[in-house]
Q: 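Dropping a structure here in structure tokens format, bear with me for questions.
By convention in this document, chain letters (A, B, ...) are assigned in the order of the sequence lines, proteins followed by strands, and residues within each chain are numbered from 1.
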2 protein chains.
Amino acid sequence: MTRTSLARYPCPLARAADLVGDKWALLILRDALAGVRRFSDFKTRLGASTNILTERLNHLVEAGILHRKPVRPGVQRVEYHLSEKGMSLVHALLALWQWGERWTFEEGKSPVTVQARDTGEKLGPLQLQTVSGRPLSITDIEMVPTEAAPAITHQSYAALKAQKA
Amino acid sequence: MTRTSLARYPCPLARAADLVGDKWALLILRDALAGVRRFSDFKTRLGASTNILTERLNHLVEAGILHRKPVRPGVQRVEYHLSEKGMSLVHALLALWQWGERWTFEEGKSPVTVQARDTGEKLGPLQLQTVSGRPLSITDIEMVPTEAAPAITHQSYAALKAQKA
DNA sequence: AAATTTAGTTGCTTAAAGAAACTAATTGGT
DNA sequence: ACCAATTAGTTTCTTTAAGCAACTAAATTT
């Protein structure tokens with residue numbers, strides 16, 4: 001009865017969810033993107049207990065999303081830095097952020113917001129587009145299997161559960 | 001020792017994470033966006049046990065993300081439909097999806113992808129922009145407190161944990 | 001050099017995840 | 001119309017993980 005791991009599911013969303021689909025992980029990433037690096041700072045900002053925080057940070061490090069770096073050379077105390085892989089979660093975090101502003105606060109009542117660094121302008125919604133830059137609306141897209149998908153697509157994902165992490 | 005609820009945290013991301021920051025919720029939403037409506041279809045596609053699925057669907061219904069609708073008038077069997085609130089999670093889901101394609105599969109090996117419905121073109125990355133439409137890169141943005149934020153911003157979020165859901 | 005802060009580890013308790021077995025409506029076949 | 005199968009759950013039980021508290025060893029401050 002081990003906990004279901006989505007790491008091997010043949011779906012990008014499932015695999016992403018396996019790594020960051022968790023409340024604490026999302027909050028850690030929020031703070032990391034805001035520049036937080038130290039264990040104690042994460043702790044006070046999140047309010048999570050140390051064992052939980054330790055475990056989540058280790059997971060994110062194993063996943064290559066965070067990097068452990070000595071605070072100064074020669075010393076074993078570490079800071080947690082975002083890797084490129086971690087940085088590129090901004091879009092997802094920001095999308096969730098904007099959704100949260102729209103649906104979990106009254107209009108204009110969000111206590112903290114994201115804005116353009118240079119002019120302070122508010123952000124608009126993330127724009128869907130094709131690789132060539134043609135803008136799309138949310139009804140213009142569809143999920144389709146690729147050539148890389150053998151029989152699995154039309155099978156049940158349940159079969160995957162045989163292979164636990 | 002109740003589980004920490006993020007529902008009252010003064011942060012849009014925390015509140016969003018409270019509602020959808022969970023593996024099963026994300027997978028349910030993925031399938032809902034792909035057009036799945038029936039309990040049994042969710043079950044076979046997710047491979048979750050029925051009690052878990054029941055609980056998650058109920059949560060999403062309570063949160064106003066899904067709607068329960070009788071399959072036909074006069075009958076008590078229901079289908080789960082996305083509300084507008086649910087639909088507007090597309091950006092977040094798609095951002096996670098794209099991150100998953102980039103970082104959890106080899107190039108071009110994702111078995112299922114999202115594309116433009118009309119031409120089948122691949123999607124490009126979600127584009128950050130200001131309300132006026134000026135494109136921004138991920139380093140051009142910053143998190144800032146608003147006027148709606150009283151003293152709380154510089155306090156620890158830990159204090160919030162006193163108020164459990 | 002002593003006191004404090006930082007970054008954890010260990011042990012314990014409660015809550016949630018997961019499996020399996022069961023039930024009541026609804027639907028399909030003959 | 002009747003019986004079998006499917007659908008949408010509920011209930012019970014076991015295992016895993018969340019959360020708290022107390023402790024420890026480096027590093028930093030005074």
Q: Does the base of C:dT9 carry an N or O that pairs as donor and acceptor with the side chain of A:Thr50 under 3.5 Å?
A: yes
Q: Does B:Thr4 have a side-chain nitrogen or oxygen under 4.0 Å from the phosphate oxygens OP1 or OP2 of D:dG19?
A: yes
Q: If I take atom CG in residue A:Leu53 and atom P in nucleotide C:dT9, what distance separates them, rounded to the nearest angstrom?
A: 11 Å
Q: Could you state the atom-to-atom distance from CG of B:Asp18 to P of C:dA16 in whole Å?
A: 12 Å
Q: Give the rounded distance in Å between these two atoms: NE2 of B:His59 and C1' of C:dA17.
A: 14 Å
Q: Listed in order of residue number, which residues of residues 65-73 of chain B have a non-hydrogen atom at under 4.0 Å from DNA chain C?
A: B:Arg72
Q: Can you check whether B:Tyr80 has a side-chain N or O nearer than 4.0 Å to OP1 or OP2 of D:dT7?
A: no
Q: Quick one: is B:Arg38 getting a side-chain N or O under 4.0 Å of the D:dT7 phosphate, OP1 or OP2?
A: no
Q: Can you check the A:Trp24 CH2 to D:dA17 P distance for me, whole Å?
A: 17 Å
Q: Going by an N to O cut-off under 4.0 Å, is there a salt bridge joining A:Glu84 and B:Arg102?
A: yes
Q: Rounding to a whole Å, what distance do you find between A:Asn58:CG and D:dA17:P?
A: 15 Å
Q: From the list D:dA26, D:dT16, C:dT6, which nucleotide is the closest neighbour of the side chain of A:Arg3?
A: D:dT16
Q: For the side chain of A:Phe39, counting heavy atoms from C-beta on, which of C:dG8, D:dA27, C:dG18 is nearest?
A: C:dG8
Q: Tell me the bend of the helix from C:dA1-D:dT30 to C:dT30-D:dA1 as the angle between end helix axes, each from five pairs, rounded to the nearest 10 degrees.
A: 40°
Q: B:Asp41 or A:Val75: which one's nearest nucleotide on DNA chain D is closer to the 5' end?
A: B:Asp41
Q: Could you state the CG-C1' distance from B:Asp22 to C:dG18, rounded to the nearest angstrom?
A: 14 Å
Q: Could you state the atom-to-atom distance from CG of A:Leu46 to C1' of C:dG8 in whole Å?
A: 16 Å
Q: When all nucleic acid strands are considered with a 4.0 Å heavy-atom cut-off, which category describes A:Ser40: base, sugar-phosphate, or nothing?
A: sugar-phosphate
Q: How long is the line joining CG of A:Asn51 and P of C:dT9, in whole Å?
A: 10 Å
Q: Between A:His91 and B:Leu126, what is the shortest heavy-atom contact and its length?
A: CD2-O, 3.2 Å
Q: Ignoring backbone atoms, establish whether B:Arg56 has a side-chain N or O less than 4.0 Å from OP1 or OP2 of C:dA17.
A: yes
Q: Under a 4.0 Å threshold between the charged nitrogen and the carboxylate oxygen, would B:Asp18 count as salt-bridged to B:Arg8?
A: no
